[in-house]
K.L.:
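This is the structure I want to talk about, given as structure tokens.
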Amino acid sequence: ERRPVLKRQELLIEGGEITGFGEHVTTDGLAIDERIDCFGKIVIPGLVNTHSHLLEILQRSFRDNVRKEIWLWHRQMTEDAAQLSADDIGAAAALACAEMLKNGVTAVLDHFPLRSEITAAKMNAILMAFERTGIRGILAPALRDQDFMELLGLGLSSRKAPKGGAGDFFRDEMMPVLEHVRKSSTISNLMLGPSSPQTCSDSLLRKVVRMAERYDLGIHTHLLESVIERWGGRRLYRGGMVQRIKMLGLLSPRLSAAHCVWLNEREMDLMASSGASVIHNPASNLKLGSGIAPVVELRRRGVNVALGTDGGDTSDSYSIFQQMRLAAFLSRLTTENSDHWVTALDALRMGTINGAEAIPAWRGKIGKIKRGYRADLVILNPNIRLYPLNDVIHQLVYCEGGQSVDTVLVDGKVVVRNGLLTSVEEMALIQKVEPISEKMYRIYNLNKKRAGKTELAIRRLYRKALGIPRSHRGFEK
């Protein structure tokens with residue numbers, strides 16, 4: 001860590017683990033299965049995507065110029081009407097994973113948001129996508145049992161809360177999958193994923209905490225992504241949303257919270273004292289107009305801040321290179337003191353080791369090139385965008401976009417070689433997913449025609465949340 005860039009190094013990988021690292025690594029008579037010549041190349045830890053929605057690739061770039069709540073309504077309506085099968089879900093997840101691997105992402109957390117019914121078959125489809133493509137993946141099913149807009153007095157929901165209690169889901173769907181994956185996989189795992197505090201009752205969140213402690217699981221959720229969530233949280237819960245989840249036991253080192261755009265000073269202090277991690281999703285927050293997360297202030301308090309891509313219709317890519325660059329640049333807008341800006345090295349750490357530290361199952365295992373860590377590595381063959389090559393770290397963050405990714409290893413296995421996937425056929429994935437996406441685009445365009453009242457109601461809600469007087473009509477127009 002004191003010398004982040006080293007030259008003329010050798011790595012020895014055995015059983016998926018980095019066992020040798022230095023200028024001259026001795027093999028002690030070991031039979032070498034493969035040598036990878038990295039002369040003239042750059043080797044970095046695999047990038048870590050700690051908040052993503054893989055299924056959203058099916059609605060890639062459907063929408064523009066919409067607020068988060070309007071966007072979500074459209075996404076849910078489209079997803080429900082499409083009636084996706086486990087096979088459809090698995091194909092979409094595999095394509096998103098393939099995109100990530102080709103862009104240097106070796107580990108991903110999928111916050112699986114299918115609201116109609118999350119079944120063992122659908123979860124297994126995503127886990128199989130991890131195994132097929134070779135990416136290191138964690139599945140966090142997005143649990144919910146209440147509707148935020150209804151709690152605020154707006155009947156805007158396109159669906160009812162899922163049938164059956166949390167106990168039924170844990171017993172009948174999640175536990176068999178968890179038991180199987182823990183016995184059979186070295187790269188896949190599960191976490192608990194309450195969708196967001198405002199869509200979960202107190203009883204559900206308490207159940208999540210108990211299950212996490214009993215089975216040693218991480219917890220992943222959305223938190224204060226939009227100003228409506230901050231405003232509504234204060235109306236519904238004394239002390240606001242963060243105080244509520246603290247009282248329910250959710251704030252702990254097990255928790256990784258995506259977005260956190262609208263935290264106040266006290267709430268940032270609570271995040272820091274709890275050991276919870278914040279997952280910064282800059283591209284998504286910009287596209288949906290949600291705001292800029294207080295990353296500089298969080299980091300000054302010692303909060304671990306990692307990066308996420310969100311989904312295919314919010315970022316609209318699955319590139320951590322993009323998120324690192326935006327994270328660094330956006331910090332320049334939130335504080336005048338340049339000493340506190342996110343540097344390129346800070347951003348690179350947010351996209352690697354910080355991501356690993358945010359997820360309990362990955363801590364101390366990935367995110368660094370270090371003896372004893374798993375061999376999740378990216379080898380870049382510098383593209384024209386990196387020349388002239390003056391400062392490797394600056395240029396990886398500010399210039400690179402994934403074009404230089406040549407070889408990718410996950411758990412010591414080569415999953416991308418010469419820029420090509422080794423375990424799946426890219427074109428076959430595209431051909432499988434395109435008809436599903438085209439069908440969903442047709443559904444979206446039909447549903448869009450009846451969204452007028454919903455959009456108007458949400459615009460009015462934003463006006464309230466932002467304190468814009470009723471006499472000011474420009475926002476609504």
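Note that the numbering runs from 1 along the sequence shown for the chain. Keep in mind that the numbers below use all heavy atoms, side chains included, and drop hydrogens, waters and symmetry copies.
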K.L.:
Using 0.5 Å steps for rounding, measure from the OH atom of Y444 to the NZ atom of K449.
P.N.:
12.0 Å
K.L.:
Does some side-chain heavy atom of M211 sit less than 4.5 Å from a side-chain heavy atom of K207?
P.N.:
yes
K.L.:
What closest approach, in Å, do L270 and V242 show between heavy atoms, and which atom pair accounts for it?
P.N.:
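Here L270 and V242 meet closest at CD1-CG1, 3.9 Å.
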K.L.:
Between H111 and G193, is there a donor-acceptor pair closer than 3.5 Å when you use the side chain of the first and the backbone of the second?
P.N.:
yes
K.L.:
State whether a side-chain donor-acceptor pair under 3.5 Å links T309 with N49.
P.N.:
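Short answer, yes.
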K.L.:
Assess the residue pair E265 and R301 against the criterion (salt bridge (charged side-chain N to carboxylate O under 4.0 Å, His left out)); give the C-alpha distance rounded to whole Å, side-chain angles, the decisive distance to 0.1 Å, and a yes or no.
P.N.:
CA-CA 10 Å; E265 298 278 334; R301 287 169 166 79; 2.3 Å; yes
K.L.:
Decide yes or no on side chain to side chain contact (heavy atoms under 4.5 Å, CB included) for T186 and R374, but give the supporting numbers first.
P.N.:
CA-CA 10 Å; T186 60; R374 307 307 294 175; 5.8 Å; no
K.L.:
Tell me whether E179 contacts the main-chain N or O of R182 through its side chain, where contact means a donor paired with an acceptor under 3.5 Å.
P.N.:
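Not confirmed, E179 side chain does not pair with R182 backbone.
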K.L.:
Evaluate K102 against V405 for side chain to side chain contact (heavy atoms under 4.5 Å, CB included), listing each step before the verdict.
P.N.:
CA-CA 7 Å; K102 292 190 69 174; V405 173; 6.0 Å; no
K.L.:
Is the backbone N or O of T335 less than 3.5 Å from a side-chain atom of N337, with the two atoms forming a donor-acceptor pair by type?
P.N.:
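No.
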K.L.:
Distance check, rounded to the nearest 0.5 Å: I135 atom CD1 versus L101 atom CG?
P.N.:
4.0 Å
K.L.:
Report yes or no: do E357 and S277 form a side-chain donor-acceptor pair below 3.5 Å?
P.N.:
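No, no side-chain donor-acceptor contact under 3.5 Å.
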K.L.:
Testing the 3.5 Å rule here: is there a donor-acceptor pair between the side chains of S317 and E99?
P.N.:
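No - no donor-acceptor pair under 3.5 Å links their side chains.
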K.L.:
So, does D310 use its side chain to make a donor-acceptor pair with the main chain of S284 at under 3.5 Å?
P.N.:
no
K.L.:
Is the shortest side-chain N to carboxylate O distance from R230 to E267 below 4.0 Å?
P.N.:
no
K.L.:
Output, in order, the C-alpha distance, side-chain angles, deciding distance and verdict of side chain to side chain contact (heavy atoms under 4.5 Å, CB included) for W341 and V296.
P.N.:
CA-CA 7 Å; W341 291 351; V296 171; 5.5 Å; no
K.L.:
Does atom CG (N65) have a neighbourhood of more than 12 heavy atoms from anything else shown, all under 6.0 Å?
P.N.:
no
K.L.:
Between atom CD1 of I219 and atom CG of L255, what is the distance when rounded to the nearest 0.5 Å?
P.N.:
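Spacing of CD1 (I219) from CG (L255) equals 6.5 Å.
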K.L.:
Output all residues satisfying side-chain contact (heavy atoms from CB on, under 4.5 Å) with P197, sequence neighbours left out; order by chain, then residue number.
P.N.:
T221, L223, M241, R244, I245
K.L.:
Do K464 and W231 make a side-chain contact, defined as non-hydrogen atoms from C-beta onward lying under 4.5 Å apart?
P.N.:
yes
K.L.:
Is any side-chain heavy atom of T334 closer than 4.5 Å to a side-chain heavy atom of P294?
P.N.:
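No. Closest side-chain heavy atoms not under 4.5 Å.
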K.L.:
Checking side-chain hydrogen bond (donor to acceptor under 3.5 Å, both in side chains) against D313, which of Q59, R63, H74, R60 comes through?
P.N.:
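Only one of Q59, R63, H74, R60 forms a side-chain hydrogen bond (donor to acceptor under 3.5 Å, both in side chains) with D313, namely R63.
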K.L.:
Give a yes or no answer on whether the side chain of R332 reaches the backbone of V342 with a donor-acceptor pair at less than 3.5 Å.
P.N.:
yes
K.L.:
List the residues meeting side-chain hydrogen bond (donor to acceptor under 3.5 Å, both in side chains) with D346, not counting sequence neighbours, and say none if there are none.
P.N.:
R299, T343
K.L.:
Check G46 against T352 and note the closest heavy-atom contact, atom names and distance.
P.N.:
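Answer, listing the atom of G46 first, then T352: O-CG2, 3.9 Å.
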K.L.:
Answer yes or no: does atom NZ of K246 have more than 12 heavy-atom neighbours from other residues, nucleotides or ligands under 6.0 Å?
P.N.:
no
K.L.:
Could you tell me which non-hydrogen atom of N304 sits nearest to which non-hydrogen atom of N354, and how far apart they are?
P.N.:
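Shortest heavy-atom separation between N304 and N354 comes out as ND2-O, 3.0 Å.
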K.L.:
Check G401 against N103 and note the closest heavy-atom contact, atom names and distance.
P.N.:
O-OD1, 3.5 Å
K.L.:
Are any side-chain N or O atoms of S437 and backbone N or O atoms of E434, one a donor and one an acceptor, separated by less than 3.5 Å?
P.N.:
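No, the answer is negative, given that no donor and acceptor are paired below the 3.5 Å cut-off.
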K.L.:
Partners of Y441 by ring pair (Phe, Tyr, Trp, His ring centres under 6.0 Å), sequence neighbours excluded?
P.N.:
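For Y441 the ring pair (Phe, Tyr, Trp, His ring centres under 6.0 Å) partners, ignoring immediate neighbours, are F62.
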K.L.:
Report the C-alpha separation of Q322 and S315 in whole Å, then their side-chain angles, then the decisive distance to 0.1 Å, and conclude whether the side chain to side chain donor-acceptor pair (under 3.5 Å) test is met.
P.N.:
CA-CA 9 Å; Q322 178 192 46; S315 275; 4.7 Å; no
K.L.:
Any side-chain heavy atom of L178 sitting closer than 4.5 Å to one from N189?
P.N.:
yes
K.L.:
Contact between E69 and F148 at the side-chain level, heavy atoms closer than 4.5 Å - yes or no?
P.N.:
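A side-chain contact is absent here, since even the closest heavy-atom pair is not under 4.5 Å.
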K.L.:
Ignoring hydrogens and angles, tell me if any N or O in the side chain of K439 forms a donor-acceptor pair with the backbone of A82 under 3.5 Å.
P.N.:
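Yes.
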K.L.:
Evaluate the ring planes of H53 and H222, with Trp represented by its six-membered ring, and classify them as parallel (under 30°), tilted (30 to 60°) or perpendicular (over 60°).
P.N.:
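H53 and H222: parallel rings.
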K.L.:
Please lay out, stage by stage, how R136 and W362 fare under the test side chain to side chain contact (heavy atoms under 4.5 Å, CB included).
P.N.:
CA-CA 10 Å; R136 189 179 301 278; W362 293 340; 3.6 Å; yes
K.L.:
Keeping the roles fixed (side chain from Q323, backbone from A283), state whether a donor-acceptor pair exists under 3.5 Å.
P.N.:
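Confirmed, Q323 side chain pairs with A283 backbone.
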K.L.:
Between D376 and D411, is there a donor-acceptor pair closer than 3.5 Å when you use the side chain of the first and the backbone of the second?
P.N.:
yes
K.L.:
Only one of L248, L143, L217 forms a side-chain contact (heavy atoms from CB on, under 4.5 Å) with V208, so which one is it?
P.N.:
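Per the side-chain contact (heavy atoms from CB on, under 4.5 Å) rule, the option paired with V208 is L143, out of L248, L143, L217.
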K.L.:
So which of L466, V227, L152 actually passes side-chain contact (heavy atoms from CB on, under 4.5 Å) with L461?
P.N.:
L152
K.L.:
Step through the shown structure and confirm whether more than 12 heavy atoms of other residues, nucleotides or ligands are within 6.0 Å of CZ on R132.
P.N.:
no
K.L.:
Search all heavy atoms of I366 against all heavy atoms of V48 and return the closest pair with its distance.
P.N.:
CD1-CG2, 4.3 Å
K.L.:
If you look at every heavy atom in S290 and E225, which pair is closest and at what distance?
P.N.:
CB-O, 3.3 Å
K.L.:
Do NZ/NE/NH1/NH2 and the carboxylate oxygens of D216 and R254 come within less than 4.0 Å?
P.N.:
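Yes, D216 and R254 are salt-bridged.
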K.L.:
Looking at CG of L204 and CZ of F169, how far apart are the two atoms once the value is rounded to the nearest 0.5 Å?
P.N.:
10.0 Å
K.L.:
Which residue is it: L95, I89, L84? I am looking for the one with a side-chain contact (heavy atoms from CB on, under 4.5 Å) to L58.
P.N.:
L84
K.L.:
Got I359 and L109 here, is their nearest side-chain heavy-atom distance under 4.5 Å?
P.N.:
yes
K.L.:
Measure the shortest side-chain to side-chain distance between R463 and R459 over non-hydrogen atoms and say whether it is less than 4.5 angstrom.
P.N.:
no
K.L.:
Look at the side chain of D88 and the backbone N and O of S85, then say whether any donor-acceptor pair between them is shorter than 3.5 Å.
P.N.:
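Checked: pair present.
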K.L.:
Counting only heavy atoms from other residues, nucleotides and ligands, does the tally under 6.0 Å from CE of M128 exceed 12?
P.N.:
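Open: at most 12 neighbouring heavy atoms sit under 6.0 Å from CE of M128.
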K.L.:
For atom NE2 of H340, is the number of surrounding heavy atoms from other residues, nucleotides or ligands below 6.0 Å larger than 12?
P.N.:
yes
K.L.:
Between I57 and Y318, is any pair of side-chain heavy atoms under 4.5 Å apart?
P.N.:
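The answer is yes; the side chains approach within 4.5 Å.
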K.L.:
Just how far is it from atom OG1 of T314 to atom CH2 of W71, taken to the nearest 0.5 Å?
P.N.:
5.5 Å
K.L.:
If I take atom CG from residue D269 and atom CG from residue N264, how far apart are they, to the nearest 0.5 angstrom?
P.N.:
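One finds 9.0 Å between CG of D269 and CG of N264.
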